[in-house]
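Worksheet: the structure to be examined is printed underneath.
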Amino acid sequence: MMHDTKKLLSCAVLPTSYTLSDIEQGAACCVPIPHIQVENLSVSYHGKSVLEGVSLDINKGCITALIGPSGCGKTSFLSTLNRLTDLIPGCHMQGRIHIDGADVTDPRLDVLALRRKVGMIFQKPNPFPLSIRRNIEMPLREHGLSQRSAIDERVERALRDVGLWEEVRDRLDAPALALSGGQQQRLCIARALALEPSILLMDEPCSALDPIASAVVEELIQRLRNRYTVVIVTHNLAQARRVANYAAFFWMTEHVGKLIEFGRCQSLFDSPSHDLTAAYVTGISG
Amino acid sequence: MLKNPYRLSDLLMTITVWFSAALVVGAFFWLLSDLALHGIAKLNWSCLVSAPENAGRDGGIGPILVSTLLILGVALLMTIPLGLGTAVYLSEYSSGALARSIRMSLDVLAGVPSIVFGLFGNALFCIWLGLGFSILSGGLTLACMMLPIFIRSTEAGLTAVATEWRHGAAALGLTQAAALWHVLLPAAAPAITAGLMLSIGRALAETAALIFTSGYVDRMPDSLSDSGRALSVHIYDLSMNVTGGDQSAYGAALVLIVLLVVINNVAASLADRFLSQRITTS
Amino acid sequence: MLARVTGGIALAVAVLLGLVLMLLVRESWPVLVGGGWTRFFVGDGWFPSSGQFNLLAMLWATLAASLGALLIAVPLGVLSAVFSRFYSPGWLIMPLRRVMVLLAGIPSVVYGLWGLTVLVPLIAGWEPPGASLLSAILILALMILPTIALTSEAALAAVATSNLQGAAALGLSRKGIVLGVALPAARVGILSGALLATMRTLGETMAVLMVAGNVVQTPASLFDPVRVLTANIALEMPYATGDHRAALFASGVLLMLIVTVLAWLAGCVGARSNA
Amino acid sequence: MSEVGDSQKIWGWILALCMAAGLNSAALADAQKLVLTGSSTIAPLALEIGKHFEKLNPGVRVDVQSGGSTRGVIDARVGLADVGMASRALKQEERDLIAHRIAMDGIGIILHQKNPVKSLNDDQIRAIYTGKITNWQQLGGEDRKITVVNKAEGRSTLELFLHHFLLKNPQIRAHVVIGDNQQGIKTVVGNVGAIGYVSIGTAEYEEAHGMPIHLLPMAGVPATVANVRAGRFPLSRPLNLLSKGTPTGLSKRFIEFAQSAAVDDLVTAQYFVPLAR
């Protein structure tokens, strides 16, 4: 599964309408326009700070990897972007996050609309205990799509996008939980894609999968580039290197997570500007 | 080898476990076979549909079966929506003062003797609300008794639903109601069904509370505002008040047990169909 | 929206439940303020017609019957749950569970009827009068066994397979897995089942009334007839008036208090084992 | 959202149901429905009489509710019941009601059949119930402990028994306290050393159907239904219907029917003693 990193990291502006196949042909890459702007973000649980002073811009259509040791606030950071932090009792965040110009931290914000725009994939595949079809159809219906043919079309397109269509087309009504781990994770991605988000958050999407399934999902993530802004948490440095355009390195100092370094993936790995980063990416203190 | 010292104690454990299970099953077969032996002579189809005669010694239990089912129906109609609503409230907004006080009063109510519920139902439904001795009063009183059981087990089921699903639903931008309806309630279905069965068992077994609310009349009820005798009240009356009513009492007890099995199965499959239909069909 | 609707329902339920509590207190009020609560714990005994309302003997009887039933039913129930999870041949599991569910729903009148006609005469042949604390304990134990067995089984089933496999991978014997891993992991569930069962033993009326003998006395032996609080209410309520009636309601309040303390204790235990 | 909608709908439906039922029951409370409440002893008999009354008077409904004699008194007094039922004579403070006797019930002492003791005088019974005699040997029987079966506080048979033997309840040293007749019989059946007192009609039936009990004569009078009817048996109680003031309308017709010879068969079938006319 080695890919030509050079090709993947090259950037060009895409035409306004494109399909996945365009991207697969290697036509384009991400654009240096900020999609998510984070300013001075801090997160605390029950008054105890876990993440402080994070500021970074995440570019449109690019894959940004968040790396760093466990417990340094990467997942907390990810959860602020779709306000999933609201669900965690005692969780409080400060600072500003702008997505498409709107302030995510605004308490009056329509959270449901935000989450529809910002999809999320979890570490452990979490398809609902419903049929494969219902897993994708149900959120669509809840977001107001009721036309049978339109739903069927979207279900098929989402499943095709994640390469699951051929595998499950004959058993769409079978329980989703009967799928293998890798298939479940791809279904979760399809479920998110069906809502046509512009941003995808991925929290270690491959860590619960076997190497083969992991490789399939990784390849899928590569294909999402350009069409979606992807933010991915990963502990697999090689994977980050393979898939990401940008990388952000988090580290814990005095029990509080901080953003140490952020930049182009290649430069962060090959010529880190910070000692901690250098040590981590070369495996000395990782 | 390490193994030998464990052999004897392992064997002892195996014997203890088998012995306990056998003891439990044996005791119950004793009970059930006694019931069957005494009651089976009274059972036939006509007894299920005909009316009791001679204070229940002769005749059947048709009207009593109908009343029992109606009382249970009213109780369930009340318990399920109220119970689900409360359980959802308790599990989703659990930190409020209202939630805390409800939870405490539920626990307290679990310890109130059923006869007190009977007197309560009599005072509130029969007299104050003017429903009189009626199937409605009985059902509503039973609902009060079933609510604590049903709410607590449903709440436990909802709380036990994996957070991954909760977060997954939220991440898809689903409303809380949609997450509940499509994911949390179906996922909690086994616990809800179990709570439902426990409640139904309690309702069918209840005697003291019903004597004071749904009453003693063994006529076929015309409406929900008629008084109707429940099967358990019938059994109690036959065994304690009616001279020579023992055999009929055992017969009625057998019917009650069969009824319980049937209702449990129906409830289980209905709950299954209702709550997890989306798993099997589209 | 959802919060408001379910909150409204919850409030309605709370009001309903509050009404039950209010009725209890209102009905027992005359005797509580009239004679003070101490009269329930001092005096010659329970002679309501002469204004003596000492509940202590019945309180002890209630506690003794509950405790005895638990001592029998908890080990047996847990062991039979262990049996169906770890020892039973596969084909036996479902029928066993069916029987348990069935037994959990048998009305107490039926247990009482059976106890009165079968169990009590057996004990009477051994040590008269037969209707006794022992028969009450046995009948109650029989009644709560299914509850304990079913809840324990559910708690055992909820123990993560990975834990059990982990234990097996360490070469633990079946006994070692059960005692060392499964039961400790399931103890909260088992405890809450036992609590549920305790509440049932405290609140049970008809079955105990039929087999316990109903003599108001502090039990000195297992063969002494006793009267529990609930049986007292059921026996005398239909005929009681005035202070007598209020005293019966007050004994209902007492039962409620016992259960509250139990629920609170269970809450503490649950909170501690979660931490 | 649909879940919320559904539960609201159901809730509304239930409320509507309640209201409809409330109106309905108010509408039914006209002259054509007769409500009887009270003594659980009389309830089965009243139910049978009610059924026959309904047959003779089409369109009339008789609802019988049990719950104890005191309940019958209270309900008849406040008007919750058209007619109360009490298996005892009215007490002094209950004289605001009028009692209408519909049958008699004798109370007899029963022993287990294997107990060789065939008769006891009043003093012996008093001594047994106050705990002065504790073994059947002292009364010429076998060496066996006596199990004293007493009734629970408030039951009319207890009051009758205490009154007859000039006892107070706290004096009694009971081993088993029971609620209803059948429990008394089952207790004696299960215990060879037991002594209890129950309704004679019930005991006669059970004895005739093979239950191992026997009735003792009292003051030399055999405990039989015939003797109770003739008024010869010393321990008996009336089964009364209660009315507030002189009964009128449907209540009057029902009470008259319940006192007529037409119900003698029903009374006998419930093992009570018909009135001597």
Side-chain angles (χ1 to χ4, degrees), chain B residues 51-58 74 77-78 80-82 84-85 88 118 122 125-127 129-137 139-140 143 175 177-178 180-182 185 211-219 222-227 229 233 236-246 249, chain D residues 1-11 13-14 17-18 20-29 35-37 40-41 43-48 50-51 54 61-67 71 80 178-183 185-186 199 201-206 208-209 266 269-272:
Chain B
E53 282 161 30
N54 197 3
R57 291 179 199 93
D58 307 315
V74 170
L77 226 58
M78 193 76 180
I80 293 175
L82 281 185
L84 278 182
V88 164
N122 185 267
F125 300 120
C126 301
I127 298 173
L129 287 180
L131 298 178
F133 281 98
S134 64
I135 287 172
L136 214 51
S137 298
L140 294 175
T175 59
L180 262 169
W181 179 246
H182 291 295
L185 286 177
I211 291 180
F212 294 98
T213 52
S214 69
Y216 185 78
V217 173
D218 62 359
R219 192 189 306 115
D222 292 330
S223 76
L224 293 183
S225 57
D226 272 359
S227 168
R229 191 192 287 195
V233 172
Y236 181 73
D237 194 52
L238 282 175
S239 62
M240 297 302 259
N241 276 325
V242 175
T243 304
D246 274 5
Chain D
M1 292 312 289
S2 48
E3 185 257 352
V4 174
D6 280 359
S7 59
Q8 268 176 330
K9 235 179 283 165
I10 293 171
W11 193 202
W13 199 73
I14 288 182
L17 210 70
C18 290
L23 293 175
N24 202 352
S25 63
L28 270 176
V35 176
L36 279 73
T37 75
S40 58
T41 311
L45 171 61
L47 201 66
E48 288 302 314
K51 278 181 186 164
E54 282 173 2
R61 295 186 33 175
V62 182
D63 278 6
V64 178
Q65 307 294 351
S66 77
R71 179 176 190 96
L80 267 179
I178 56 159
D180 297 301
N181 270 327
Q182 294 300 314
Q183 196 183 355
I185 288 179
K186 290 185 177 91
S199 165
T202 306
E204 268 190 344
Y205 169 89
E206 297 290 357
H209 284 75
L266 302 178
Q270 301 305 322
Y271 307 98
F272 294 122

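Each chain gets a letter, A, B and so on, in the order its sequence line appears, and its residues count up from 1.
- The CG atom of B/D218 sits 7.5 Å away from the CD atom of D/E48 when rounded to the nearest 0.5 Å.
- Of all heavy-atom pairs between D/V64 and B/Y216, the closest is O-CB, 3.2 Å.
- A donor-acceptor pair is defined here as one N or O able to donate and one able to accept, closer than 3.5 Å; no such pair exists between the side chain of B/R219 and the backbone of D/K51.
- No part of D/I185 comes within reach of chain B, as not one of its non-hydrogen atoms sits under 4.5 angstrom from that chain.
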side-chain contact (heavy atoms from CB on, under 4.5 Å) evaluation trace for D/D180 with B/Y236: CA-CA 11 Å; D/D180 297 301; B/Y236 181 73; 3.7 Å; yes
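- A pairwise comparison of heavy atoms in D/Q65 and B/S227 identifies NE2-OG, 2.9 Å as the closest pair.
- Counting heavy atoms from C-beta outward, D/L47 and B/R229 have side chains that approach closer than 4.5 Å.
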Verdict with reasoning, D/R61 to B/V217, per side-chain contact (heavy atoms from CB on, under 4.5 Å): CA-CA 11 Å; D/R61 295 186 33 175; B/V217 173; 5.6 Å; no
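- Both the backbone and the side chain of D/Q270 have a heavy atom closer than 4.5 Å to some heavy atom of chain B.
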